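These notes concern the structure reproduced below.
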Amino acid sequence: MPTRREFLRNSSLLAGGLLLAPDALFAKREAQKLLILHTNDFHSRLESFPDNHPKYPGQGGIARLKTLIDQQRSSGDFSLLLDCGDVFQGTPYFNRFGGVPEYKWMNMAGYEATTLGNHDFDMGMEHLADLIHNYARFAVVNCNYDVSKTPLKGLIKPFLVVKKGKLKIGITGVGINPEGLIPAHLCLNMVYNDPVSSVQEQVDILNKKMHCDTVIVLSHLGFEYPGNQISDKKLAADTHGIQFILGGHTHTFLNDGPVGIENKKGRKVVVNQAGWAGLVLGILRLDFK
Amino acid sequence: MRVSILFLISVLGVSCAPYWISGGSGVNLTIKSSVPKDSSMMAFIAPYKDSLKTFIAGIVGKTDTGYFPERPCSNLSNLSADLVFGFADSCLKIQTGFSLDLAVLNMGGLRMALPNGEITMGNMFEVMPFENSVVVLKLSGSSMDSLLRHIIRRGGEPVSGLKLEVDEKQQYSAWLGQRRFDSRRDYWVATSDYLTFGGDGFAMFKNPIQILYLKKTVRDVLIRGVQSETQQYGVVQKRTERRIVYANEAGVPKK
């Protein structure tokens, strides 16, 4: 039995090209491919772990990470490189150079966006604002930290729309409750808003107003927790209109790959996290039609 | 493991956007030591690495003995707590006019021993790799009592300004400065913000009467302290006195 699309195409052919409208409307679209690469909790791991490291000997580091990124990109598909926060803190590189080489690395690797992790505040908001303003050639997206009364005003985007080929991709970001994680003086006057409603608001804009083909949330909430604390899995379940939640904070290694979580409307959302310290590259290869 | 996106996602779109996901796969790839290093990235890090090498090799000060982090108290724990005490006390005096009563850190936060001889910046980072900063809390007498009991339960933590004697029944006698501990008064306590967030079970730090953030990392305070003592005396001053004494040392928790 012919599908509706074939049926219409056939009928336009039968009409001898007179009926142009249905053909234009249902013209066979070019299938689109998209490669999403993502990292989280980089923690200033510019160099690989030392060869005598008990847990990760010789692993990670930007020199190896770049090789893998390039290998993945060599497929030639349109690609997106994303990060989920906590770029900073963890090696003396950060103490010594204040985050500059980390942001330069992200520029060179071609990151499109990151979100705000709790450790990104470690040198204060003035410092972070200077870094973003002077160095970041990528977007910093977050929708639940109100920074309008802080030095970060105007530097954090609630959402981002990226065109890749014929695809329109919507990206938003969400951060963890700073209480007990970020010393109060390092996030002075920043207001933390509810992740679920903040994200839903941006996702609705991305779907309904911006007509995005797919919506990605960059999260620094953490993969999952016992109890009621908001996490990536819970965010996936409590919202709708999101296809991908890429996360961080809990340094979760998902060796079996991403997981699928049913959302509020019974549709599934891909949730993933890529360990930490540049030890893992999350890779999603997607076909669109 | 590579998983099919079709198992994870609902494919048919409901949005009014023209494209929807029809397939794909997801995998998390480990960056193993067998992955070759990208030469342009190596070249990019090289100057930072060299500069860091110089920075890490920089001499901060000198010791004439090794300093070790050991429970219930040790020369390194005494030194660290004393340097934090000195810094926090001067800040507190300037900001409020009050004097500090006590400094408490966590033994678990002192990650390495300080060698005997020249002390490098790298040594200081190894001892204190974390970016925890110094805070001053005003605690009620009853919170102080909980704090002292917590220190005893943990087998001792780095302290300055305190002498703590624990009898066989785990009952304590405490002196702050020259005065006996008085649970009816408030005390000014310096510590690291990590512990005030509930780190290492210091729950009594969570609701202080007052809190002052001193915007300086514990490591910076230690570095400055080692520098200035070396300048002043030629070496870091020894602090071997036993500030926390258990009547029954055998029963002291070590971890």
Side-chain angles (χ1 to χ4, degrees), chain A residues 29 32 46-48 57-60 62-68 70 89 92-93 95-97 101 104-105 108 122 166-168 180-181 183-185 207 211-214 241 243 253-260 267-270 272 274-275 278-289, chain B residues 1-5 7-42 44-45 47-49 51-52 55-56 121-122 125 129-133 135 193 196-198 206 211 213-215 217 219:
Chain A
R29 287 169 314 212
Q32 299 287 305
L46 292 155
E47 275 186 75
S48 303
Q59 292 181 39
I62 62 171
R64 296 194 209 283
L65 185 52
K66 182 66 164 46
T67 303
L68 271 193
D70 288 348
Q89 193 63 268
Y93 279 93
N95 310 95
R96 181 79 178 114
F97 307 112
K104 283 188 173 171
W105 140 252
M108 287 185 297
D122 279 7
K166 296 210 162 102
L167 297 174
K168 222 172 163 187
L181 276 176
H185 68 276
N207 280 319
H211 304 297
C212 290
D213 295 297
T214 196
Q243 278 76 51
F253 289 88
L254 295 172
N255 298 325
D256 293 337
V259 299
R267 307 184 69 79
K268 275 180 147 186
V269 186
V270 176
N272 201 20
L279 287 164
V280 178
L281 181 64
I283 303 166
L284 300 166
R285 288 192 173 275
L286 308 173
D287 300 315
F288 288 80
K289 64 181 183 194
Chain B
M1 196 176 89
R2 189 174 296 272
V3 282
S4 167
I5 287 294
F7 290 124
L8 307 179
I9 204 164
S10 306
V11 286
L12 282 176
V14 280
S15 82
C16 40
Y19 285 94
W20 59 81
I21 295 163
S22 58
S25 64
V27 67
N28 293 319
L29 218 57
T30 304
I31 289 104
K32 292 190 185 123
S33 56
S34 55
V35 176
K37 289 187 173 179
D38 178 276
S39 57
S40 63
M41 289 303 121
M42 299 280 283
F44 162 69
I45 323 174
Y48 291 105
K49 201 173 168 178
S51 159
L52 202 61
F55 170 73
I56 279 172
M121 195 61 96
F125 270 86
F130 310 113
E131 293 305 296
N132 303 327
S133 46
V135 295
D193 55 359
T196 65
F197 300 153
K206 276 190 173 169
I211 184 160
Y213 294 97
L214 300 187
K215 298 194 179 190
T217 63
R219 181 179 51 243

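Since we're looking at a predicted model, the values are computed, not measured. Every chain is numbered from 1 and lettered A, B, ... according to where its sequence line falls, protein lines coming before strand lines.
- For the atom pair CZ (F44(B)) and CE (M108(A)), the distance works out to 3.5 Å, reported to the nearest 0.5 Å.
- Of the atoms belonging to F125(B), it is side-chain heavy atoms, and not backbone ones, that fall under 4.5 Å from chain A.
- Between the side chain of R64(A) and the backbone N or O of S33(B) there is at least one donor-acceptor pair closer than 3.5 Å.
- Residues I21(B) and F288(A) come closest through the heavy atom pair CG1-CE2, 3.3 Å.
- Summarising the geometry, atom CE belonging to M42(B) is positioned 8.0 Å from atom OG belonging to S48(A); distances are rounded to the nearest 0.5 Å.
- Chain B forms the most heavy-atom pairs under 4.5 Å with one residue out of K104(A), K166(A), K289(A), and that residue is K289(A).
- Contact of N255(A) with chain B is made through the backbone alone, with heavy-atom distances under 4.5 Å.
- In this structure, CZ on R96(A) lies 5.5 Å from CZ on F55(B), to the nearest 0.5 angstrom.
- Side chain of T67(A) to backbone of D38(B): a donor-acceptor contact under 3.5 angstrom is found.
- In this structure, the portions of Q243(A) lying under 4.5 Å from any heavy atom of chain B include both its backbone and its side chain.
- For the residue pair N28(B) and N272(A), a side-chain donor N or O sits within less than 3.5 Å of a side-chain acceptor on the partner.
- The closest side-chain heavy-atom distance from L52(B) to F97(A) is below 4.5 Å.
- Proximity of V3(B) to P258(A): side-chain heavy atoms (C-beta onward) are separated by under 4.5 Å at one or more points.
- Note on G278(A), G275(A), A274(A), P92(A): by heavy-atom pairs under 4.5 Å with chain B, the leading option is P92(A).
- The distance from the CD1 atom of I62(A) to the CD1 atom of I31(B) is 12.0 Å, given to the nearest 0.5 Å.
- Note that the OG atom of S133(B) and the CG atom of D122(A) stand 9.0 Å from one another [nearest 0.5 Å].
- Heavy atoms of K206(B) lying under 4.5 Å from chain A are absent altogether.
- Nearest heavy atom pair, residue A63(A) against residue M41(B), reads CA-CB, 3.7 Å.
- Distance alone, capped at 3.5 Å, places no donor-acceptor pair between the T30(B) side chain and the V280(A) backbone.
- Proximity to chain B involves both the backbone and the side chain of V270(A), based on heavy atoms less than 4.5 angstrom apart.
- Residue contact with chain A, scored on non-hydrogen atoms closer than 4.5 Å, involves the backbone and the side chain of V27(B) alike.
- Residue K168(A) does not touch chain B at all, counting heavy-atom pairs closer than 4.5 Å.
- Per-residue heavy-atom pair counts under 4.5 Å with chain B were compared for D70(A), L167(A), D256(A), and the maximum is reached by D256(A).
- The CD atom of E47(A) lies 4.0 Å from the NZ atom of K49(B); values are rounded to the nearest 0.5 Å.
- Within the 3.5 Å criterion, the main-chain N or O of S25(B) finds no donor-acceptor partner in the side chain of R285(A).
- Put simply, the side chain of Q89(A) does not reach to within 4.5 Å of the side chain of F130(B), judged on heavy atoms.
- Taking both residues in full, the closest heavy atoms of Y48(B) and Y93(A) are given as CB-CE2, 3.7 Å, listed atom of the first, atom of the second, then distance.
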